[in-house]
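As structure tokens, the structure follows; a few thoughts come after it.
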Amino acid sequence: MKSRHLLLSLIFIVAGFTLNAASLKKSDAREIDAITQLANRIIPGNAHNFEFRVIPHDKKKDTYSIEDHNGKILISGNNANSMAVALNYYLNNFCNTSVSWYAEVPVVMPETMPKVGSKITSTARVDRRFFLNYCTYGYTMPYWDWKQWERIIDWMALNGINMPLAITGQEAVWFNVLQQLGMTPDEIRSYFVGPTYLPWHRMANIDRWNGPLPQEWLDKQVELQKKILERERQLNMRPVLPAFAGHVPARLKELYPDANIKYLGTWAGFKDEYRCHFLNPEEKLFAKIQKLFLEEQTRLFGTDHIYGVDPFNEVDPPSWEPDYLNKVSRNMYRTLTAVDSKAEWMQMSWMFYHDRKDWTLPRVKALLSGVPTGKMSLLDYHCENVEIWQNTDKFYGQPYIWCYLGNFGGNTTITGNVKESGARLDNALANGGKNMLGIGSTLEGLDVVQFPYEYIFAKAWSNSQKDETWINHLADRHYGEPNENVRKAWDILFNDVYVQVPRTLGILPNYRPALINNDKRIGINYDNNKLIEAWSLLLDIDKASTNEIQIDLITVGRQVLGNYFTKVKNRFDSAYYKQDANAMRYNAEILHSLLSDIDALNSFNYRCTIEPWIQEARNYATTPEIADYYEKNARNLITTWGGKLNDYASRTWAGLINDYYAKRWEVYTSTLIDAVQNYATLDAQEMKTKMEAVENNWVNSTAKIETMKRYDILSFSRMIYNKYRNDF
């Protein structure tokens, strides 16, 4: 009898191992399929040169290796995400090539695959690598189609990101929920804001602005989100979906008169009619809405059990009492876990920095301690400026992710203290405590400069390179091969130019002209001569054949010209105070010439023009009327914005400069010159009114914006450098 039991036990054990092996093989096949598909998307002509293999691993640590094998490059890893990081490492450091996060930019590959030599291995230093910001969905992505999303998801995988913010399509969820709560379709669509403004509606900053939202938008976003989530999960990412954080339509006050619904504070100068309302989490209605929302969202999109919940972002809560704040978080978390017992709350810490006078340490601690330790994770949002973890005893024990922001409003100026941020991150990895779980980037807009984010995410791995080595490799892949001038230029840019803490910052041509202190308005914190030297080095090269070196020439060149514009504008203003009309006319001519040249320089690269921004908006529509509506939203955001945010999202783009900024400067220079010539007192309000008319006419226009098409960026850049160099 004992031997029979033993035999049966052995049969079951062997069967169990067989099933586990089969299961592992099936799982491995999925990983291999995912990374193979990625390789075929980004390097279709070279994917066959790579072999991918899943290796045994510690589930807590992502790992990869790269080696030569039977004439191919063998990439091994614990999952598709790790293997994608390995593939990117090989492309960057052996092939001298980059993968743009824009879909239309091809990956340039060498004719033969370089050998690896000694085997390379690496292990992730942190479990979580977070990416995106609510604002990115407005400043960059509002009208992206699947082609654009497919590339950015691939870029995320190549840079090891495994926890992206995934908030597309939530208005469709809310549409279904709010109908169940008694609102009509028209009421709901009018509650929503326009497409480019949805991030600030989602963060409970504004309602109704630039609405109503078309039904076709809701429907298309659902299908897009399904594709986004399927691909992100395929590449071992855990998307962060939204949950209910208390923001409700004003209409619910009428439908549920007994519910405790109050105004949130005003935001960014918007009128009261656009203010948001907040439902107290202690209310039964709150739990009901949370349940309806999460169940409907899960039905449409599934769940990975981690939810973005961000009450009181840049607005005042109904009460600042610590007890109240503690109850808010405790009750919000209770409603989450009542629907999803595995729920984890992810919270931006931005408000603790932005409203730091109000968010005192006792209030921060009260809010955080309302959630069990380990069930709320914080995004330390702006660590290149202020590291909240250092001021809050490491968020009082709650898990957190160190984040580099790097860009406000999608501004295209040179900014970011990249090297210093790397040192701060190294310190956090060493001293941030066991509850520091990850590294992230919370950029507001993508722009065209992606190196700071690649630099930060490279530090998530054990084989991260020293700064000098990393920057040299960056220079090599931007040029396509090692080049001493490009390396010197990037050494200057990294060490001497990318040094200032990111803030809302454009070059002076992008700001509404005013008779004020221009240097204080722009406030560059680096030696401008260093920037000019970097541009000079970039101009002394033999070719500009890669997308990346063209971007370098444009980015550095337009910043040099923008800084020079400030110098000339100072001379113009000085001449005005001296009532010297001749000097004013002379400097005005230079100002307008500069605007034209900056516009022309940007025209060499598609992503440095306004064309994709407008075209993506129009292409997303199914009718001419909706296309016009989408275009107005797109034009509005990057110019007048709304409230008191005029020029917040300024962009130095071809087409926008000549068609919008230059027209404002024409008003400025002609008005001041006329005042001097006619011995008249300047009417500043009248000048402002004229500029506002220019702005509003442009926002409401659908006229095609022309951009110059040029083909030799190097010779043109040299020409405008020589044109102004003696006066820089």
Side-chain angles (χ1 to χ4, degrees), residues 268-271 409 411-413 504-524 558 561-599 610 632 635-701 703 705:
F270 277 86
K271 296 177 181 178
N411 295 158
T412 49
T413 192
T504 308
L505 189 67
I507 58 174
L508 188 62
N510 300 5
Y511 285 103
R512 180 189 283 169
L515 198 61
I516 59 176
N517 186 318
N518 305 300
D519 296 309
K520 186 176 181 180
R521 195 176 195 186
I522 298 304
I524 61 170
R558 70 187 177 193
L561 296 176
N563 292 349
Y564 174 53
F565 187 96
T566 303
K567 178 180 179 179
V568 180
K569 202 291 193 155
N570 286 339
R571 293 200 307 239
F572 177 88
D573 290 354
S574 178
Y576 167 75
Y577 288 122
K578 295 175 182 177
Q579 300 289 287
D580 185 344
N582 288 332
M584 291 176 71
R585 281 191 291 269
Y586 172 78
N587 286 291
E589 186 176 337
I590 298 175
L591 289 177
H592 294 300
S593 176
L594 274 168
L595 290 168
S596 179
D597 287 336
I598 296 170
D599 190 281
I610 196 172
K632 179 179 178 180
R635 285 173 175 251
N636 200 169
L637 186 77
I638 61 172
T639 54
T640 55
W641 214 111
K644 58 182 180 182
L645 296 175
N646 191 75
D647 290 328
Y648 180 91
S650 69
R651 317 289 170 90
T652 311
W653 283 342
L656 183 63
I657 301 164
N658 276 347
D659 208 53
Y660 181 77
Y661 298 135
K663 291 180 180 178
R664 293 196 305 194
W665 283 101
E666 286 172 8
V667 171
Y668 181 76
T669 56
S670 63
T671 300
L672 267 67
I673 290 171
D674 286 348
V676 170
Q677 289 183 153
N678 296 321
Y679 305 100
T681 302
L682 176 67
D683 188 335
Q685 183 55 50
E686 182 183 358
M687 182 172 67
K688 181 182 177 184
T689 300
K690 288 180 180 178
M691 288 186 195
E692 288 174 343
V694 168
E695 294 168 348
N696 292 328
N697 288 339
W698 189 87
V699 168
N700 291 305
S701 173
I705 302 170

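Worth knowing before you read on, the calculation uses all heavy atoms, side chains too, and leaves out hydrogens, waters and symmetry mates.
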CD1 on Ile524 to CG on Leu508, rounded to 0.5 Å: 11.5 Å
Euclidean distance, Asp597 CG relative to Ile657 CD1, rounded to 0.5 Å: 10.5 Å
Modelled atom types, side-chain donor and acceptor of Asn510 and Thr652, under 3.5 Å: yes
Nearest non-hydrogen partners of Asn700 and Asn696, listed with the distance: ND2-O, 2.8 Å
Test side-chain hydrogen bond (donor to acceptor under 3.5 Å, both in side chains) applied to Ser670 and Asp674, step by step: CA-CA 6 Å; Ser670 63; Asp674 286 348; 5.1 Å; no
Aromatic plane relationship, Trp641 with Phe270 - under 30° parallel, 30 to 60° tilted, over 60° perpendicular: perpendicular
Heavy-atom closest pair, residues Ile507 and Ile522: C-CD1, 4.0 Å
Main-chain N/O of Ala654 paired to Asp599 side chain as donor or acceptor, under 3.5 Å: no
Beyond-backbone contact of Val694 with Glu666, side-chain heavy atoms, under 4.5 angstrom: no
Asn518 and Arg521 side chains, donor-acceptor separation under 3.5 Å: no
Lys632, NZ atom: more than 12 neighbouring heavy atoms under 6.0 Å: no
Test applied, ring pair (Phe, Tyr, Trp, His ring centres under 6.0 Å); reference residue, Phe565; option that passes from Trp665, Tyr661, Tyr511: Trp665
Contact check, side chains of Thr639 and Glu695, non-hydrogen atoms, under 4.5 Å: no
Check: Leu672 and Tyr668 side chains under 4.5 Å, non-hydrogen atoms: yes
Flag side-chain contact, heavy atom, 4.5 Å: Leu591 against Lys569: yes
Donor-acceptor pair, side chain of Arg651 and main chain of Gly506, under 3.5 angstrom: no
Closest non-hydrogen atom pair, Met584 against Val676: SD-CG2, 3.6 Å
Interatomic distance, Asn517 atom CG to Asn570 atom CG [nearest 0.5 angstrom]: 7.5 Å
Full working for side chain to side chain contact (heavy atoms under 4.5 Å, CB included) between Lys567 and Asn563: CA-CA 7 Å; Lys567 178 180 179 179; Asn563 292 349; over 6 Å; no
Heavy-atom pair of closest approach, residues Leu595 and Pro509: CD2-CB, 3.5 Å
Minimum side-chain heavy-atom gap Asp647-Arg664 below 4.5 Å: yes
Between CZ on residue Arg512 and OG1 on residue Thr640, distance to nearest 0.5 Å: 9.0 Å
Gap separating the OG1 atom of Thr689 from the CE atom of Met687, nearest 0.5 angstrom: 10.0 Å
Nearest-0.5 Å distance that lies between atom CD1 in Ile590 and atom OG1 in Thr669: 12.5 Å
Exercise: identify the closest heavy-atom pair between Arg635 and Val699: CD-O, 3.5 Å
Verdict with supporting geometry, Tyr577 and Leu515, side chain to side chain contact (heavy atoms under 4.5 Å, CB included): CA-CA 10 Å; Tyr577 288 122; Leu515 198 61; 3.3 Å; yes
Other residues, nucleotides, ligands: >12 heavy atoms within 6.0 Å of Glu589 CD: no
Val667 versus Met691, closest heavy-atom pair with distance: CG1-CG, 3.9 Å
Test item: side-chain donor near acceptor, Asn697 and Ser701, under 3.5 Å: no
4.5 Å side-chain heavy-atom contact, Ile638 and Ile610: yes
Trp698 vs Leu656 side-chain heavy atoms within contact, under 4.5 Å: yes
Donor-acceptor pair, side chain of Asn587 and main chain of Ala583, under 3.5 angstrom: yes
